[in-house]
Number of protein chains: 2
Amino acid sequence: MTEAIRIYSEMRNDIISCDLEPGASVSEAELCARYNASRTPVREACRRLQEEGLLQIVPFRGYTISPLTIDEYRSLNEMQLVLDPAAAAMAAERASDEQIAMIERWANYIYHAGEKKSYETFLEWNRNFHIEIAQATGNDIMVEMTVNLQTRLIRYFYLVISMASYGKDLVNEHQAMVRAIRARKPEQARDRATEHVIRTMERTSLIRIPQGGFRGDPRKDIQPARSRT
Amino acid sequence: MTEAIRIYSEMRNDIISCDLEPGASVSEAELCARYNASRTPVREACRRLQEEGLLQIVPFRGYTISPLTIDEYRSLNEMQLVLDPAAAAMAAERASDEQIAMIERWANYIYHAGEKKSYETFLEWNRNFHIEIAQATGNDIMVEMTVNLQTRLIRYFYLVISMASYGKDLVNEHQAMVRAIRARKPEQARDRATEHVIRTMERTSLIRIPQGGFRGDPRKDIQPARSRT
DNA sequence: ATTTCCTGGATTGTATACAGGTTGCGTGCA
DNA sequence: TGCACGCAACCTGTATACAATCCAGGAAAT
């Protein structure tokens, strides 16, 4: 694997897991040190991350890890409400049996309330669940868009930590989607997906506007909500 | 403006207008000569174009202008059928009066049958029409996705040249969408957008599978259809 | 004739030197 | 004290040299 790709992957993980803090400004030199590489592949990785919306580049000025904002979170949810139901419906018509099996596999992880590691595993499985459905549509553009959407969304969930009491609900909603896809009922799959996204939007109203802000425009940024365990 | 951005824009135009032929393989050296620059900004531009799906990069091997395939065209249309109606509905709820005026502006260009220049102007206006609607949703992700979709779609229309007899139909459909948005009727806007995309899919069934192929996998690539003027 | 191995050339990936731009601080003046 | 100007340090953008990789083609062995 080339340096550029390695750096891209590692940096992407670091951003997603908030190991690189949202809103933090970084220089190429720092990144070179952190990932043991020269500027060229680092720059390449950064350009790609910018394209995905995870990094902001101001010409001649520097790099900023994209801050998490309520605006973006709303926009992402709104787009999920557009894409996911469509993908579910298409998957119900076209998914192969193997693909359905894979989708179901990703749907069944229940995290242990309060355990961070377990919660993070759930987040990855959840991401894969949605991406797998997109792949089952057979539409490559749908896959691209869904991957981007899920990548940007997962950062918000990493930040929130623990929506502990919802574990069972989430799995139930996922399984309802799987059943509709397996039964080859597009409209039902669409409805279950819509329901799932809306429920998630309701559940995450626990994301609040902070007083001080979180390294960015104070009025638009968000910060971790207190756990509700 | 930086070299990288200049090269990106020019190259993007060249790809969109099929001045750089779909399926053609190019080397960094050629591109450096063509755009009078060194490899660094050329590479940066290429990476970005790859991210947008306009260019394919095989590590250590070279670059290929993304070929036009029936598969991709279908996928793009399918996604347009997902995004455009949603965007139209959202725009009907949120567009400002200025935005509606802009949308209408882009909707009203009728091309002169048979004139290539006029047809290409129409294509650009059509692209702007769809993008402007996306902007009126106030959702930045929707804008990103629509821009990408329209950019990739316009290549297919540049290749086809002239859907001469359809000029009036297109404008009528566009105007019907504008009316629904101006009337603040989301569901009607959604329906008009759906109708428009489906009609376009029907109109472009004139894209045929070639015998010889067009610089790529012969079974999947397409070539210009004969004009129907 | 066919297959295998090796090498040369071409092309991309990476490192680094150099150029250009921006910011912020310090100085001098009003 | 306040403000404008200019310089210096820092950072990113660009050019280019060097390393790594891949593939085509040919020679040799079967």
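All values reported here derive from a predicted model rather than from experimental measurement. Labels below follow one simple rule: chain letters A, B, ... track the order of the sequence lines, proteins then strands, and each chain is numbered from 1.
- Checking B:R203 against B:T200 by side-chain atom types alone, a donor-acceptor pair falls below 3.5 Å.
- Comparing C:dA15, D:dG13, D:dT12 by their nearest atom to the side chain of A:R47 picks out D:dG13.
- In the set D:dC22, C:dG13, C:dT11, the nucleotide with an atom closest to the side chain of B:R61 is D:dC22.
- Using a 4.0 Å cut-off, no side-chain N or O of B:R6 falls inside it from OP1 or OP2 of D:dG13.
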(message) Checking B:R74 against B:T69 for the side-chain contact (heavy atoms from CB on, under 4.5 Å) test, could you report, in this order, the C-alpha distance in whole Å, the side-chain angles of both residues, the deciding distance, and whether it holds?
(response) CA-CA 9 Å; B:R74 290 221 183 92; B:T69 66; over 6 Å; no
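- With rounding to whole Å, A:I7 atom CD1 is found 11 Å from C:dG13 atom C1'.
- Atom-to-atom, CZ of A:R43 to C1' of C:dT16 comes out at 13 Å; the value is rounded to the nearest Å.
- Here the P atom of nucleotide C:dT16 and the CD atom of A:E3 are 12 Å apart, to the nearest Å.
- Between A:W125 and A:Y109, the distance separating the two ring centers is shorter than 6.0 angstrom.
- Nucleotide C:dA15 holds its P atom 16 Å from the OH atom of A:Y35, rounded to whole Å.
- Summarising the geometry, the separation between OH on A:Y8 and P on C:dG13 is reported as 17 Å, rounded to the nearest angstrom.
- Taking atom CD of B:E44 as the reference point, atom P of D:dT12 lies 13 Å away to the nearest angstrom.
- For A:A4, the listed nucleotide lying nearest its side chain is C:dT14; candidates were D:dG13, C:dG13, C:dT14.
- Projected onto DNA chain C by closest heavy-atom contact, A:N36 and A:F60 fall at different nucleotides, the more 5' of which corresponds to A:N36.
- You'll find that the side chain of B:S38 is closest to D:dT16, out of C:dG13, C:dT16, D:dT16.
- At a cut-off of 3.5 Å, with distance as the only test, a side-chain donor of B:T151 or B:R127 sits close to an acceptor on the other residue.
- Among the nucleotides C:dT12, D:dG13, C:dA15, the one closest to any side-chain atom of A:P41 is C:dA15.
- Looking at the side chain of B:E28, the nearest of the listed nucleotides C:dT11, C:dG13, D:dT12 is C:dG13.
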If you look only at distance, which donor and acceptor atoms sit under 3.5 Å apart when one is on a side chain in residues 49-59 of chain B and the other is two or more places apart or in another chain?
from, atom 1, to, atom 2, distance (Å)
B:E52, OE1, B:Y8, OH, 3.3
B:E52, OE2, B:Y8, OH, 2.2

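- Dashed line: the shortest gap from a side-chain N or O of A:R39 to OP1 or OP2 of C:dA15 is not under 4.0 Å.
- Atoms CD1 (B:I57) and C1' (C:dT12) sit 10 Å apart, rounded to a whole Å.
- Among the nucleotides C:dT12, D:dA15, D:dT12, the one closest to the side chain of B:T40 is D:dA15.
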